[in-house]
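Taking it in order: structure first as structure tokens, then the write-up.
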There are 2 protein chains.
Amino acid sequence: MNLAEVAKRAGVSMATVSRALNNPSIVKSHTRARVIKAVAELKYHPNLHARTLAGGRSRTIGMIVSNMENPFFLDIFRQLEADALAANFEVIVANTDYQPARLVSSIRLMIGRRVAGLAVVVSEMDPYLIDELTDSSIPVVFHDVGTARENITNIRVNYRNGIEKIVRYLHSLGHERMAFVGHHASLGPTSERQTSFSRAVVQCSPPVEFRSVTHADGFEGGRLATRELLATGFEPTAIVCVNDFMAVGVLRELREHGLRIPQDVAVTGFDNIKLSEFSSPPLTTVHIPRQQIGHIAFECLVPGRNSPRIPGREIVIDPEFVVRESTGPAKKK
Amino acid sequence: MNLAEVAKRAGVSMATVSRALNNPSIVKSHTRARVIKAVAELKYHPNLHARTLAGGRSRTIGMIVSNMENPFFLDIFRQLEADALAANFEVIVANTDYQPARLVSSIRLMIGRRVAGLAVVVSEMDPYLIDELTDSSIPVVFHDVGTARENITNIRVNYRNGIEKIVRYLHSLGHERMAFVGHHASLGPTSERQTSFSRAVVQCSPPVEFRSVTHADGFEGGRLATRELLATGFEPTAIVCVNDFMAVGVLRELREHGLRIPQDVAVTGFDNIKLSEFSSPPLTTVHIPRQQIGHIAFECLVPGRNSPRIPGREIVIDPEFVVRESTGPAKKK
DNA sequence: TTGAAAGCGCTACCAG
DNA sequence: CTGGTAGCGCTTTCAA
């Protein structure tokens, strides 16, 4: 089923069918009606590949994330998609599961699709890809990783700041034995949090004893990390988690060990995903404005007429500390 | 950057470049090497639209879900994607947010993309779409909604069975005031659970007093539904939720009202998403085998050589009851 | 083993 | 306002 058949059925030329479909206002309403009718009767669906190829442009935005399962990424996607839909774009997502090889193939795939813009919200990164993207001249937005370029905007979160707020707060509550639960210690954005943690903790006085442990991102990872941590004999009075997602697993394991939160152990998350309000107890965390990030991403990729394109920009976001019920004064010995 | 430029640079014809890329073994290794080199130097990325258009086939599978945020859908997607990747396909997802209009446009989009197969895992459905899909002759798998046809396979879950197990169990524990918390009462699969609930409850003896309440899918919806329920003055000893996702919101609101789970109120979920193990308390629920569903979907869409295509099939899945800690004996008055 | 050329289905330009 | 037609970038015969 193609344009030619529709044209024949409607008794007009292919060009007219094309116009009736893409720019209805410039076709006489009578003609348009015949076309619409033929389209419906034939259940015609334009071949989008042909359309994109012929038109040269694509109304598709690509997005690549590290872990769709983590609501953090999903929230950014949802906002980006909402904005895109409103502007008559669509978004296609790819998931890397934190695997650099999958990031490479996803990026290639997106370039191959000639997306109108690409949002890369991942933790892993290969500098060669930056070049490849620069050369492709596709508008790109990176979150956390990457380098600003002519066609590349960079969104960064001041993780250090967020972590420091957490550590200071815990320290002010008298915590002197802390642990950090993370994932993928070798990847930029997550290791940044871990490093910031160590740095902040070292500066405390009275001094704080601390330890770090790493597992996969997710509930299960949080649980296993905690299990491992407690098995070492270390008894933290506070556990700082790299994100809320893992923190929920941490809560679970602590409870399994008969530890109460926050009376026996304080726990903090990061990101402020919806679930952090619904966990038990609700998590003290750091808010990363995912909606705002999604918004910014879209604006960078598809600048509206009132928001001019600002190339090679770097945007820094300062996170906000949110106190809930998973933290309290350190337990007295 | 296109084939012609690569061909020129490599000093061969376009046809040869194409072959070197798609079917390397039939090109002399020396020639192939020159092509590979040219491709790399030029950072050439084949235009996938042109490729699909010329080739006539697409190695893309489409998937449409109602609510990406609900891990239930995500789990099916993950399995489908894993299988697809292994077979060198890719998957693109679309999200409808339970809006029939978005289902329509998503399906049109997928047909327009000429996907190799389409998995529709939604709750809403318009019978007209079935025809449209039948005519498109694209292999389709429906979950929960739809009708088996020549090119359409149907996966169904015996919700009634699952709900009955829950109600019987609760009743055997002495619960005589139950509530059902659902979402989208007008949509097939969710209303089926609600209807099954009413039906099961009515058959109980001693009789059970019951009520149903509906809100949006999600934590917040579960919370609001519960708030509304309690505001009526009804004091259920057990709340049966349409899914785990909402159940977590229910737990939270009950706790807010000073009610203990399961001592004061028993709560059950549905689906057995990962979170149900990590909530506090872990949820008694019904397991829907999402991995299996994802698997089946892929097999139906892209039948391997050892698994012949079985058209017009209807597959029924019987869910399994999972008891955890969110349920217990009814509170004595 | 390689090259030439005919489409794939559509858009967009140029005439009328 | 409508029709004719030249590509868009690639795959795939058919020949060599």
Side-chain angles (χ1 to χ4, degrees), chain A residues 1-36 38-39 42-60 88 108-116 136-138, chain B residues 1-36 38-39 42-60 88 108-116 136-138:
Chain A
M1 192 55 45
N2 57 22
L3 253 203
E5 298 191 47
V6 176
K8 194 195 303 175
R9 173 130 192 167
V12 297
S13 72
M14 283 173 54
T16 298
V17 177
S18 176
R19 283 185 290 248
L21 260 29
N22 298 303
N23 206 344
S25 60
I26 65 166
V27 175
K28 192 163 58 167
S29 71
H30 179 65
T31 318
R32 192 194 324 153
R34 306 181 44 136
V35 172
I36 303 296
V39 165
L42 267 41
K43 293 208 168 66
Y44 166 69
H45 297 269
N47 183 320
L48 298 180
H49 301 292
R51 179 174 282 186
T52 309
L53 184 58
R57 56 209 138 79
S58 142
R59 295 197 75 81
T60 300
N88 202 25
R108 301 250 161 92
L109 207 58
M110 293 297 183
I111 297 180
R113 284 215 179 88
R114 301 296 190 264
V115 291
S136 78
S137 78
I138 292 175
Chain B
M1 192 56 45
N2 58 21
L3 254 203
E5 298 192 47
V6 176
K8 194 196 302 175
R9 174 131 193 165
V12 298
S13 71
M14 283 172 52
T16 299
V17 177
S18 175
R19 284 186 286 247
L21 260 28
N22 298 303
N23 205 347
S25 61
I26 64 165
V27 174
K28 195 163 55 166
S29 72
H30 178 65
T31 318
R32 194 195 322 154
R34 307 182 42 136
V35 172
I36 302 297
V39 165
L42 267 40
K43 293 207 169 66
Y44 167 68
H45 298 268
N47 183 318
L48 265 22
H49 301 292
R51 180 174 281 187
T52 309
L53 184 58
R57 58 208 135 79
S58 142
R59 293 196 75 81
T60 300
N88 201 24
R108 301 251 161 92
L109 207 59
M110 293 296 183
I111 297 180
R113 284 215 180 88
R114 302 296 190 262
V115 291
S136 78
S137 78
I138 292 174

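Residue numbering restarts at 1 for every chain, and letters A, B, ... go by the order of the sequence lines. Bear in mind that the values here come from a model prediction, so they are computed numbers and not experimental data.
- To the nearest angstrom, P of D:dC10 lies 10 Å from CE of B:Met1.
- When rounded to the nearest whole Å, the span between CG of A:Leu48 and C1' of D:dC8 equals 15 Å.
- Nearest nucleotide to the side chain of B:Ala54, out of C:dT1, D:dC10, D:dG3: D:dC10.
- Take the nearest nucleotide of DNA chain D for B:Leu53 and for B:Ala15: the residue whose nucleotide is more 5' is B:Leu53.
- Ranked by how close their nearest DNA chain C nucleotide is to the 5' end, A:Ser18 and B:Lys28 are led by B:Lys28.
- Between D:dG9, C:dG3, C:dG9, one nucleotide has an atom nearer to the side chain of B:Ser13 than all others, and that is C:dG3.
- Between A:Ile138 and A:Met110, every side-chain heavy-atom pair lies at or beyond the 4.5 Å cut-off.
- For D:dG9, the base has no donor-acceptor partner in the side chain of A:Arg114 [N/O atoms by modelled type, under 3.5 angstrom].
- Nearest heavy-atom pair across B:Thr31 and B:Val27 is CB-CG1, 3.8 Å.
- Closest approach of A:Asn22 to A:Pro24, counting heavy atoms only: C-CD, 3.6 Å.
- Atom CG of A:Asn2 and atom C1' of C:dG9 are 6 Å apart (whole Å).
- A:Thr60 is not listed as a side-chain neighbour of A:Arg113, based on a closest heavy-atom distance of 4.5 Å or more.
- Here C:dG3 is the nucleotide among C:dG3, C:dC10, D:dT2 with the atom lying nearest to any side-chain atom of B:Val12.
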